[in-house]
Amino acid sequence: MRPAAAEPELEREIDGHLALLADEFARRGLSPEEARAAARRRFGSVAHTKDLHRDSRSFVWLQDLRRDVIVAVRMLRRTPGFAAVAVLTLAIGIGVNTIVFTITDAVLFKGFPLVERNDRLLYLTSGKGCCLSYLDFQDWQRQATSFAGMALVHGIPATVSDGPAGSELFAATEVTANTFRLVGQQPMLGRDFTSADEQPGAPLVILLRHGLWQRRFGSDPRILGKTLLVNGRPGTVVGVMPRGFSFPQNQDLWIPLVPPADARRDTRDNWFALGRLADGAGIEQARTEMAVIGRRLGATYPATNQGRNLIPLVSTFEDFFIGERAGAVYRAMWGAVGFVMLIACANLANLLMARALARSGEISVRMAIGAGRWRVMRQLLVESVLLSAMGGVVGWWLARWGVAAYAAAANGWGVSEQNVGVWFMNVLDYSMDYRAFAYLAAISLGTGLLFGVVPALRLSATDAGGRLRHGGRGLTADRRTRGASWLLVAAEMTLAIVLTAGAGMLLRSFLAMYTADPGFDASKVTSAQVLLPRARYATPELQRAFFDRLTTELQRTSGVETVATASALPGWDLSPRAFEIDGVAAPDTRDRPAAGAVTISSEYFRALGRRMSTGREFLATDHPDQQPVVIVNEQFARRYLPDGAMDRRIRLYADSVPDVWMTVVGVAPDIVQRRDLQQQDAVLYVPARQRPTAGMWLLARGRVETEALADGVRATLAALDPDLPLADGPMVLADRLARNYQYRAVMATSFALFAAIALLLASLGLYAVMAHAVSERRREIGIRTAMGATVVDILGLVLTQGMKPIAAGIVGGIAAAVLLGRLLQAEFAQVTPSDPAMLAAASAILLAVSIAGCLVPARRALTVDPVTALRPSD
Amino acid sequence: MASERVELLQGTLDLIVLRALDTMGPLHAYALASRLEQVADHEFALNQGTLYPALVRLEQKGWIKGSWQRTENNREAKYYALTRSGARALKRQADRWRRLAGLVEKLLLPGSAS
């Protein structure tokens, strides 16, 4: 009876009882009141009865549970070896599961730490996925009703100095004044930005990240009001954000985003907007409304808002920062580790069944004298849950260690291929909180019940009478129990094969990237990024002049062979730019061919150790007032200029506005640009002297070791401009490219580890079941040997018994692996879906294990004297 | 005095209740209490309310099952009936009681302590 119903039910019963008693007294001649009073006296204290009733209600249940636990503990202490193995297996399974859950939770679900309701924040850019114009943002902000508020953020490098100590380079984010209110956080010291701070001409104010305040300023409480130079401008520190807060990227300080004075609708800067959904609004509603707003703006401003800039892109945290593909891989990892847990459970179920079989005599007797099936099941379940609870406790410590190790590594390399590099390190919170604990508790309880339920069901359903007839010992399993064992083993094999196949695919994908030929020797080249602050290098002339001087000085540094600059490094995805070839009509003005474009200095290819295939590199004589020139790579030439590339004319388009015609002066070898390092795309190279930019990468090829080279680069730069620190680097280009596949390396290693564990567990389970099956047929083997059977005959006999589940396991595994392959192919396109090598290897291992599982006990059975084997089982 | 009697009865109360239900069929709490008084040969062997903890214990063990029905006087009351496992438990408890009683009886025989 449900506890809640018990009390009123009792009341009803007692009332009835008192009524009956009163009737009796009334019949004896008492008046109604007297009868009722006498009834009450006869009954005794109603309150006391209710108390005793209540105590008995819960007490029985609790008492039984306590007894079950005591018995379970006693059973386990009798076989400490088994208990230790079981607890260890569970600890590893539960621990690893919790680790993966914590990581996946942090990356996919929790979002930014210390931000209120991450799931209600959405990120908006123009339809192209990057950049938007300030005027568009203002219109969005004004017109959108599905958002409670919108803010604009922009990441910039910031050279910060607090006086004569020199300047240091930090990452900063410009934010609109309402940003922190929107994300639901406020400074722990000082004040937030106000709308006064974002007016044009307002004095600069600064908010510091907690880590920066601690590291650089020693957590000095007098930091408020301190003056710092940010990119040359003096600003006042007005507040410090709480510890652990870092939104929306890995910046060290925040400054107000002042609307550009000359904001035009067609200047799209590299910032993005964020919005908090209004109460009751959903993401689909927001998307629809933004599409409507986008179209409305397109109708009002057809010149600037059309094509790919028309419909704003509205993304969730996961889409924007992690990427759909990485999300799929994290989820797959979670699934993989769940598989490992299931395999472990299957093994434990088999183990528990075998163990309980030894006690099946006792169980049958218990059931014969009246213990209900449920009571027996409950006892077995309490045992299994107790084991997994102990496993959970050990697993918790394992998980804490694992998560700490992972967090230390992950915070160093970012989170996914979409977010490689400095901007997203140290942002996510990988700590284990109540969610991880709840997950661990749930998994512990769940696995305990899961692997306990099969033995409990099987053992308590046995025909007690039949068991007892066999002598009450019941060491052999009946057919249905054996069937359950085989089913478990077949399931294990399927899961193990699938996991192995998955790991194999990921490993191959990683290896493909790792061994990919980038097109040059990346180990001899040092790279560093220089970003010229707009304040001091406002014009293209100043920018060009600086980089000219820099390259000249660097060339003179000892150990440097060749120096070049480039707007993007190899292994860096390029946004495709529309272009047109003189003499080749575009099929549709809206649908021009596109290729990536890199701005490079002269000697770029020489710095990478390659020679031009045709023509020449850019020269110092390629002045801005000279004829505009361009270099194409071989891919480009093959695809778009099959009749010869030299002296052809090409021009780029920027948002449907054509640029000047450029003449091809050389065809370069293919240098890989794609982040996955595996495919060569068509690339255009534009001379830096003719179109300088403020941010360039330095490439220095050296004769000496790169350590000395790095120092030389730093020294040269400092000599030229002491207030200009390096934005990134110096780093050997090979190491930098390695960052590209670090994420894949981690994923591949994790999956490989899980697959190995799965194979091991499945093999152990398979071996145990096969060995058990053989030893059960000892008598039969003895008889057959006496009649002349050989080892091979016996092997064949036992293997045919296990053939069905083994075959089922292998076939099921291969089928599931092919399916998985199709799913994973979307993520790692270069990998063939069904990697036959891996599948064959996994199947072979399991087959070998099953044969071994027969051989060993079969040989032992064969060495037994047939007479002994033929004796009645004792 | 009364508490002594109650304690003693609690151990054998289960047995008596089961036996009563076995011989007389389903009974409600009042009828059970009356029957107990008859058996105990006392006018008030125990307060009728103390039956309830025993009833809930037996019901939780699955030895008796309660269901609401109407008495002859058309009053509603909860009738308790013996279950199959209760019948088995009755036999077990009865055997155990008899063995125990027999043992005690033997010990109480003059000269058995020597």
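Numbered from 1 within each chain, the chains take letters A, B, ... in sequence-line order.
In plain terms, the two heavy atoms of B/Tyr52 and A/His53 that are nearest each other are O-CD2, 3.8 Å.
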A/Arg12 vs B/Glu76, side-chain contact (heavy atoms from CB on, under 4.5 Å): CA-CA, chis, key distance, verdict:
CA-CA 9 Å; A/Arg12 215 171 133 205; B/Glu76 58 167 15; 3.1 Å; yes
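The environment of CZ in B/Arg70 is crowded: more than 12 heavy-atom neighbours from other residues, nucleotides or ligands sit within 6.0 Å. Open room surrounds CZ on A/Arg40; 12 or fewer heavy atoms of other groups in view lie less than 6.0 Å from it.
Using non-hydrogen atoms only and a strict 4.5 Å limit, the part of residues 14-21 of chain A facing chain B consists of A/Ile14, A/Gly16, A/His17, A/Ala19, A/Leu20, A/Leu21.
Counting heavy atoms from C-beta outward, B/Trp68 and A/Glu13 have side chains that approach closer than 4.5 Å.
Residues meeting the ring pair (Phe, Tyr, Trp, His ring centres under 6.0 Å) test with A/Phe437, sequence neighbours left out: A/Trp396.
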